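Because the structure is a prediction, the values reported are computed rather than measured.
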Amino acid sequence: MSPDGKLDGQHVLVLTTNYGTEQDELRKPMAVLRENGARVTVAAQKDEVVRTLVSDRRPGAEVQPDTTLAEAEEDAYDAVIVPGGTLNADSLRTDADARRLVSAFAEAGKPVAAICHGPWLLVDSGLAKGRELTSYPSLRPDLENAGGTWHDREVVVDTSGPHPLITSRTPRDIDAFAAAIVRALDGS
C-alpha cells in the first residue's frame, strides 16, 4: 500500500502482553496503518518493553509500549487490534483490562480485529457468539463452542453484528488482515 494519508485522524489501539506476542502480528499491521496515516498506540500489561517472539519460539524484536491496558480507554481510539502469539493470547484472554477494552470497542460499534491466537480474547469476552470469523486452526473448537462460525480463509470480515469484526489465521495472512483494517477505517 502506498502512503496516502487516507487514515489521517484515525487512532488505533493494539493490545498486548509484555512477552510472547508474535512479532509480525504486532509490528506489520502497525506499520501498514502508520503508512496510511493512522496513529497507533500499543497498550501492554505493564509499562515495560514488549518482548516479541517469532513462531512462539525464537526471540523477536522489542517494542516499547505507549500505555498500559489499565490506563487505556476505548473512547480515545477508532479501532482495536489483538495480535496473536500463543503465550500472548493465552494471557490476554484472562486479563480483565483486555476484556474490558475489547468489549468497550464492540459496544461502541468500533472495529475489533484479531489474528492467529488473538481471537481467544473474543471467546472470553463473549464476542464470538453469532459471528463469522477465523483464527489459527487449533482455535476452531473454542470459537465454535463460543457460538461463532469458523471459516478457513485468510481474512474474515463480519459486519453483521453491532461492530465490524476482522479476523485472520496466521502470520501468512497479515497483508490481507492489515488491508481489511485499513478498509474498515477508511470506509471503503
Problem - Short side-chain donor-acceptor distance under 3.5 Å, Thr17 and Asn88 - result: yes

Problem - Shared hydrophobic cluster for Ile166 and Val12 (ILVMFWY, side-chain gaps under 4.5 Å) - result: yes

Exercise for the section: Please answer whether the main-chain N or O of Thr86 pairs with a side-chain N or O of Asp90 as donor and acceptor at a distance below 3.5 Å. Expected result: no

Handout entry: Any side-chain heavy-atom pair of Leu92 and Thr16 under 4.5 Å
Key = no

Exercise for the section: Could you state whether Val14 and Val32 fall into the same hydrophobic cluster, counting links through intermediate Ile, Leu, Val, Met, Phe, Trp or Tyr residues with side-chain heavy atoms under 4.5 angstrom apart? Expected result: yes

Handout entry: Partner set under side chain to side chain contact (heavy atoms under 4.5 Å, CB included) for Arg58, not counting sequence neighbours
Key = Val54, Ser55

Problem - For the student: nearest non-hydrogen atoms of Thr52 and Ala61, plus distance - result: OG1-O, 2.6 Å

Problem - Verify same cluster id: Val102, Leu33 (apolar side-chain graph, 4.5 Å) - result: no

Completion exercise
Applied to residues 120-140, the side-chain hydrogen bond (donor to acceptor under 3.5 Å, both in side chains) test, sequence neighbours excluded, yields Arg93-Asp124, Trp120-Asp142, Arg131-Asp158, Arg131-His163, Glu132-His151, Ser135-Trp150, Arg140-Glu144

Completion exercise
Between Gly84 and Cys116, the two heavy atoms sitting closest are CA-CB, 4.2 Å

Practice task
May I ask you to test the Arg51-Asn18 pair for a side-chain heavy-atom distance under 4.5 Å?
Solution key: no

Problem - Side chain Asp78, main chain His11, donor-acceptor under 3.5 Å - result: yes

Exercise for the section: Taking all non-hydrogen atoms of both residues into account, name the closest pair between Thr94 and Ser91 and its distance. Expected result: OG1-O, 3.0 Å

Exercise for the section: Enter the distance from Leu127:CG to Ser103:OG here, rounded to the nearest 0.5 Å. Expected result: 5.0 Å

Completion exercise
Taken in chain and number order and not counting sequence neighbours, the residues that satisfy ring-ring contact (aromatic ring centres under 6.0 Å, His included) with Phe105 are none

Exercise for the section: State, with a plain yes or no, whether a side-chain heavy atom of Leu143 is found less than 4.5 Å away from one of Thr167. Expected result: no

Practice task
Find out whether Asp95 and Leu15 are in side-chain contact, i.e. whether some heavy atom of one side chain is under 4.5 Å from a heavy atom of the other.
Solution key: no

Exercise for the section: Answer with yes or no whether the hydrophobic clustering places Val42 together with Leu185; edges join I, L, V, M, F, W, Y residues whose side-chain heavy atoms lie under 4.5 Å apart. Expected result: yes

Problem - Transitive ILVMFWY side-chain link Ile115 to Ile181, under 4.5 Å - result: yes

Exercise for the section: Could you tell me whether the side chain of Leu133 reaches within less than 4.5 Å of the side chain of Pro119, counting heavy atoms only? Expected result: no

Problem - Partners passing side-chain hydrogen bond (donor to acceptor under 3.5 Å, both in side chains) against Gln23 (at least two apart in sequence or in another chain) - result: none

Completion exercise
Asp152 meets the salt bridge (Lys or Arg N to Asp or Glu O under 4.0 Å) criterion, sequence neighbours left out, with Arg169

Exercise for the section: Nearest 0.5 Å please: distance from the CZ atom of Arg34 over to the CZ atom of Arg27. Expected result: 10.0 Å

Exercise for the section: Could you check Leu87 against Leu53 for side-chain contact (heavy atoms from CB on, under 4.5 Å), going step by step and ending with a plain yes or no? Expected result: CA-CA 9 Å; Leu87 297 173; Leu53 295 175; 4.0 Å; yes

Practice task
Could you list the residues that satisfy side-chain hydrogen bond (donor to acceptor under 3.5 Å, both in side chains) with Gln64, not counting sequence neighbours?
Solution key: none

Exercise for the section: Please examine the side chains of Leu101 and Val80, heavy atoms only from C-beta on, and report whether any two atoms are closer than 4.5 Å. Expected result: no

Practice task
Answer yes when Glu73 and Arg100 have at least one side-chain N-carboxylate O distance shorter than 4.0 Å, and no when they do not.
Solution key: yes

Exercise for the section: Nearest 0.5 Å please: distance from the CD atom of Glu71 over to the CG atom of Asp97. Expected result: 10.0 Å

Exercise for the section: Flag the pair Glu22 / Asp56 as yes when at least one side-chain heavy-atom distance between them is below 4.5 Å, and no otherwise. Expected result: yes

